[in-house]
Each structure stands twice: as structure tokens, then as C-alpha cells.
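Let me begin by presenting the structure, written as C-alpha cells, before commenting on it.
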Amino acid sequence: MEQTSSSAYPNILVVDYVKKARVASPELLMKAENFLNVGYQKLLTFERPGGGFDWWGSGEPLVWLSAYGLQEFNDMSKVYPIDRGVIDRTQKWLMSKRDKDGTWSNIGMTHSETIARMGDPKLLLTSYVVWSLLDSGLKTPELKQSVEYIRTHVKDEENAYILALAANALASWDAKDDSTHEVLTKVLKLSL
């Protein structure tokens, strides 16, 4: 999925730009959309039965990779017709992998050491999944517990990357909430 996404995602951005800026010829737009179609078809092969995505389309789905796939398909849906069922299945699958405390903690077989070295892996993964779910249109009351977990645990976090993910999740839930502003202020202080 990684190599396919590395070429498909830029095509999403190209098609979005070309459509919004109206700077390209119809031929160029058609070529970009053809590339997008090929990427879309290839990405579908990584979805696992019951939802979720894995690296090769043949193993156990990974939570963080499925959240990434959800973001990619959601962004793609804004510029290209896709089967909304992919988004719905991925949302449902991700929600089924949520722990009782409203978090996601199963990083999976790849990158777990790297993620754990960054800081609080549970906060990182929960922030990323919540952001992906909310950004793709799933704003259910069940996510409130997850948002509260982020609000509570982000106070002790000092890693700018994790804080940025938490800020995205919180802003997607309620951009005007004080906790969103507090996290954004903390990220800005760390980046100066």
C-alpha cells in the first residue's frame, strides 16, 4: 500500500489543484484523472475482508495504516468518484478496534518501535485515528470518550508531532474549544 499511496496521493492533490485553479487543459486533467483511477483501483486491493488495510492485501489489517487509507480515500472522494462503502467499512472497522477506554493502542507489526520512541504511542495512535474518523465525516457520540482521552493526556506531551496530531483531532471535533487552542499554542511554542 505504501508504494501505491506514494504515487496515488500526489495525483489527488494534482487533480484537486487543476480543478480548483482551472489552469490545465482538458487533456491534462483527463491524464491526471486516469492516473488517479489506476491508483484507486490498486489501493482497493489492499482492503481486507471486513474492513481495514494492510501492506500487501493479504495480512491482518493495521489500525494506523487503515486510518491513513481512510484519509486518502476521503481526500480522493472530494475530486474523484469512489465507492463510499470503502470509507464506511474502514470507519466501522476502526471503531471496532477501539479499546474500552476509547483509545487505540494496537500499533501492529510495523513501526511500533519508532512510534513508541516518539512519546506516548497510545496518544499518538488515538489522535491519528480520531482525526481520520472525524475528517472522513464520522462524528458519533462514541468518539467523545476518545476526544476526552486526548484532552487529558496531551497536557503532559512534549513531542511536537504527537501534539500536532492531537491538535488535528481536537480541531476536527471542535475547532473553537479551549483545549484545541491550548494544544496549538503548545505546538507553536515548541516550534519556535
Beyond-backbone contact of Met95 with Thr140, side-chain heavy atoms, under 4.5 angstrom: yes
CZ-CG distance between Arg22 and Leu29, expressed to the nearest 0.5 angstrom: 11.5 Å
Met76 side chain reached by Tyr9 side chain, heavy atoms, under 4.5 Å: no
Minimum-distance pair of heavy atoms, taken over all atoms of Trp131 and Ser172: CD1-OG, 3.4 Å
Donor-acceptor pair, side chain of Lys122 and main chain of Thr103, under 3.5 angstrom: no
With sequence neighbours excluded, residues passing salt bridge (Lys or Arg N to Asp or Glu O under 4.0 Å) with Glu47: Arg89
Identified side chain to side chain contact (heavy atoms under 4.5 Å, CB included) partner of Glu72 from the options Ser5, Ser132, Ser77: Ser5
Side-chain donor or acceptor of Asp99 paired with backbone N/O of Gly102 under 3.5 Å: no
In a table with atom names and distances, give each donor-acceptor pair under 3.5 Å that connects a side chain of residues 36-43 to protein atoms at least two apart or in another chain.
from, atom 1, to, atom 2, distance (Å)
Asn37, OD1, Tyr80, OH, 2.9
Tyr40, OH, Asp83, N, 2.9

Sub-6.0 Å ring centroid separation between Trp64 and Trp55: yes
Audit row: Asp135, Asp75, side chain to side chain contact (heavy atoms under 4.5 Å, CB included) steps and yes/no: CA-CA 9 Å; Asp135 193 49; Asp75 287 345; 4.3 Å; yes
For Gly52 against Ser66, the heavy-atom pair lying closest together: CA-OG, 3.2 Å
Nearest-0.5 Å distance that lies between atom CG in Leu65 and atom CE in Met1: 4.5 Å
Atom pair OG (Ser136) and CZ (Arg84), whose distance is rounded to the nearest 0.5 Å: 6.5 Å
Straight-line distance of Arg151 CZ to Asp178 CG, nearest 0.5 Å: 9.5 Å
Residues that Ser146 engages under side-chain hydrogen bond (donor to acceptor under 3.5 Å, both in side chains), provided they are two or more places apart: Arg98
Lys186 side chain vs Val154 backbone, donor-acceptor pair below 3.5 Å: yes
side-chain contact (heavy atoms from CB on, under 4.5 Å) partners for Thr180, two or more places apart: Leu170, Ala171, Asp177, Leu184
Close side-chain approach of Asp16 and Lys78, heavy atoms under 4.5 Å: no
Heavy-atom pair of closest approach, residues Leu133 and Gln91: CD2-CA, 3.7 Å
Residue of the set Ile162, Leu165, Leu190 for which side chain to side chain contact (heavy atoms under 4.5 Å, CB included) holds with Glu157: Ile162
Interatomic spacing from CG in Asp101 to CD in Glu148 - rounded to 0.5 Å: 13.0 Å
Whether Trp104 side chain and Leu94 backbone form a donor-acceptor pair below 3.5 Å: yes
Phe53 side chain reached by Val86 side chain, heavy atoms, under 4.5 Å: yes
Partner residues of Phe35 under the ring pair (Phe, Tyr, Trp, His ring centres under 6.0 Å) criterion, sequence neighbours left out: none
More than 12 heavy atoms of other groups within 6.0 Å of Lys144 NZ: no
Nearest-0.5 Å distance, NZ of residue Lys31 to CG of residue Asn11: 11.0 Å
Any Thr90 side-chain heavy atom under 4.5 Å of Phe73 side chain: no
CA sep, side-chain torsions, deciding dist, call: Trp173, Val130, side chain to side chain contact (heavy atoms under 4.5 Å, CB included): CA-CA 9 Å; Trp173 181 259; Val130 168; 5.9 Å; no
Positive for side chain to side chain contact (heavy atoms under 4.5 Å, CB included) with Leu123, one of Ile150, Leu163, Thr152: Ile150
Heavy-atom closest pair, residues Leu134 and Ala169: CD1-O, 3.6 Å
Closest heavy-atom pair and its distance - Val187, Ala164: CG2-N, 3.9 Å
Residue pair Glu60 / Asp54: nearest heavy atoms and the distance that separates them: O-CB, 3.3 Å
Listed once per pair and sorted, the ring pair (Phe, Tyr, Trp, His ring centres under 6.0 Å) pairs that draw on residues 137-161, sequence neighbours left out: Tyr149-His153
Min side-chain heavy-atom separation Asn168-Tyr128 under 4.5 Å: no
